[in-house]
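Order of appearance sets the numbers: ligands from 1, and atoms from 1 within every ligand. In this text the structure is predicted, and so the values were computed from the model without any measurement.
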Amino acid sequence: MTGSRILAFGHYQPSRVLTNDDLAQIVDTNDEWIRDRVGIATRRIADSETVADMAGFAAEKALANAGLTPADIDLVVVATCSSVDRSPNVACRVAAKLGINAPGAYDLNTACSGFSYALGTVDHAIRAGAARNALVIGAEKLSDFTDWTDRSTCIIFGDGAGAAVVTAAAEDEAPGVGPVIWGSVPEKSDAVRIEGWRPYIAQEGQQVFRWATTALAPLALQACERAGVAPEDIAAFVPHQANARIIDGIAKRLGMPQAVVAKDIVESGNTSAASVPLALSKLIERREVPSGAPVLLFGFGGGLTYAGQVVRCP
Ligand code: UT7
């Protein structure tokens, strides 16, 4: 196999919108602080939907957009850090919901970098001949892990899912998924935590902020170099949606003045592993990135972990 390419994206968000003014009713915060310091105006909060429900809805849309059926899929990979159940995993639940027969099915948890990690493993599986058509999904219900009395975290997170259909590239076709750059900073593993038996999200915000704005731009540029794409040719930059100031800080250091920079954080907040596919799916739906154009994905967060790659927009 020569590599893989993405056929289509799809996404799902719960209908309930939580505004900054809504949050100001329950903790000591205000719209101006949240917009200035984080860049969020609204986030979506799931009601009865589970992580698997949202993953399944996003996957159904991605399949429909790809023109494939469940019978075509032989691998399902779900990136998530907020699935409550230990077994079955979310990938098997998605396969059951969609009626996918006997796929390889696994979940992967690298928190907010999860989608790019998952896409990397799927690209490798396709290159190795272990899969032909795969669903790669990022899905989170972070509201299950939110401490609604802690203003430093409850204003940040949201729920949702994004999915991609990835297929084997033809032998004479250039790969549409570039080499993944991935890694971690285990000595900073306490910087983002969802720990214990009744876990809540906690983080050392300033520590993560400093790391993200200083260490990540050179790593994102490595992903371009490995893909053989000059930074000035990148059509869109889709980083993890953690903080609008982090996104701007990294984007400034990349030297991609023409690139569309995803800012779905404004509408959706931080949806961890879902944020990258959700943001790109929406850019594609709004026709803001042309088909075939190179797009730089870059996830980062809990672990600390990071991963990114250049993909061709479906
Ligand atoms: O996705 C996982 C990876 N995580 C990240 O990438 C997070 C990176 N970090 C960040 O995005 C930012 O550090 C935060 C958004 C988490 C926090 O913003 P900050 O500008 O670093 O604020 P801070 O924690 O330094 O707090 C500044 C002040 C404090 O008050 P004092 O001590 O200066 O009086 C906080 O108590 O802002 C206060 N504050 C708030 N005020 C109003 C904290 N949260 C709020 C709030 N509303 N919601």
Side-chain angles (χ1 to χ4, degrees), residues 18-43 79-82 109-117 138-160 162 183-186 188-195 199-217 219-220 238-251 253 262-266 268-279 297-308:
L18 189 67
T19 67
N20 294 341
D21 288 340
D22 294 334
L23 284 162
Q25 305 287 318
I26 56 172
V27 289
D28 180 15
T29 191
N30 58 77
D31 180 60
E32 190 187 357
W33 192 95
I34 300 171
R35 283 181 194 258
D36 283 357
R37 306 306 298 166
V38 204
I40 299 173
T42 59
R43 67 289 287 145
T80 185
C81 65
S82 57
N109 178 359
T110 57
C112 310
S113 61
F115 184 78
S116 279
Y117 262 93
E140 303 282 11
K141 188 174 180 183
L142 296 167
S143 58
D144 276 347
F145 298 91
T146 300
D147 177 353
W148 295 104
T149 66
D150 175 9
R151 69 175 181 172
S152 71
T153 52
C154 75
I155 54 133
I156 293 174
F157 299 99
D159 302 332
S184 61
V185 192
K188 291 194 197 317
S189 58
D190 281 346
V192 183
R193 306 175 300 281
I194 313 178
E195 294 177 326
Y200 292 112
I201 303 166
Q203 64 175 348
E204 309 307 320
Q206 288 193 5
Q207 189 188 354
V208 183
F209 189 98
R210 272 195 302 278
W211 168 71
T213 49
T214 55
L216 299 183
L219 297 165
V238 186
H240 169 48
Q241 305 287 297
N243 183 317
R245 291 186 296 131
I246 294 177
I247 296 170
D248 290 340
I250 299 175
R253 297 184 63 197
K263 281 282 188 67
D264 186 47
I265 185 160
V266 180
S268 306
N270 178 342
T271 58
S272 193
S275 81
V276 166
L278 182 57
L297 313 181
F298 205 86
F300 57 90
L304 297 173
T305 60
Y306 57 84

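- Between Ile155 and Ile40, the closest heavy-atom pair is O-CD1, 3.7 Å.
- In this structure, Ser152 has a heavy atom closer than 4.0 Å to ligand 1.
- Annotation for ligand 1: atoms under 4.0 Å from non-hydrogen atoms of Cys112 are 1 (O), 2 (C).
- Under the 30°/60° scheme for interplanar angles, the aromatic rings of Phe300 and His240 are found to stand perpendicular.
- Taking all heavy atoms of Glu204, Gln206, Glu32 into account, the minimum distance to atom 25 (O) of ligand 1 is reached by Gln206.
- Tested against Leu23 for a side chain to side chain contact (heavy atoms under 4.5 Å, CB included), the candidates Asp28, Thr29, Asp31 yield a single pass: Thr29.
- For Val27, the closest heavy-atom approach to ligand 1 does not fall below 4.0 Å.
- The closest heavy-atom contact to atom 10 (C) of ligand 1, among the options Asn243, Ile34, Ile265, comes from Asn243.
- For ligand 1, the atoms sitting less than 4.0 Å from at least one non-hydrogen atom of Ile246 are 6 (O), 8 (C), numbered in the order shown with element in parentheses.
- Looking only at atom types and distance, the side chain of Thr110 has no donor-acceptor partner in the side chain of Thr305 under 3.5 Å away.
- By the 4.5 Å heavy-atom criterion applied to side chains, Asp150 and Tyr200 are not counted as neighbours.
- Arg253 approaches Ala217 most closely through the heavy-atom pair CB-CB, 3.7 Å.
- Ligand-side atoms of ligand 1 in range of Arg37: 20 (O), range being under 4.0 angstrom from any heavy atom.
- In this structure, Asn270 counts as a contact residue of ligand 1, since one of its heavy atoms falls inside 4.0 Å of the ligand.
- Looking at Asn20 and Arg43, their side chains do bring a donor and an acceptor atom within 3.5 Å of each other.
- Between Gln203 and Ile156, some side-chain heavy-atom pair lies under the 4.5 Å cut-off.
- Under the 4.5 Å side-chain criterion, counting only non-hydrogen atoms from C-beta, Leu142 is in contact with Asp159.
- Nearest protein neighbour of atom 8 (C) of ligand 1, counting heavy atoms only, is Gly205 O, 3.5 Å.
- Distance check for atom 29 (C) of ligand 1: every protein heavy atom is found at 4.0 Å or beyond.
- Near Arg245, with a cut-off below 4.0 Å to any heavy atom, the atoms of ligand 1 are 20 (O).
- Within 4.0 Å of atom 32 (O) of ligand 1, not a single protein heavy atom is present.
- Closest approach of Glu195 to Asp190, counting heavy atoms only: OE2-OD1, 4.2 Å.
- Looking only at atom types and distance, the side chain of Thr271 has no donor-acceptor partner in the side chain of Ser268 under 3.5 Å away.
- Looking at Val38 against ligand 1, only its side chain comes within 4.0 Å, counting heavy atoms.
- Of the options Trp33, Trp211, Phe300, the smallest heavy-atom separation from atom 18 (O) of ligand 1 is shown by Trp33.
- Atoms of ligand 1 found under 4.0 Å from any heavy atom of Thr29, numbered from 1 in the order shown, are 42 (C), 46 (C), 47 (N), 48 (N).
- Comparing Gln203, Arg151, Gln241, Arg210 by heavy-atom distance to atom 4 (N) of ligand 1, the nearest is Gln203.
- Which parts of ligand 1 touch Ile156 is read off a 4.0 Å heavy-atom cut-off, strictly below it: atoms 16 (C).
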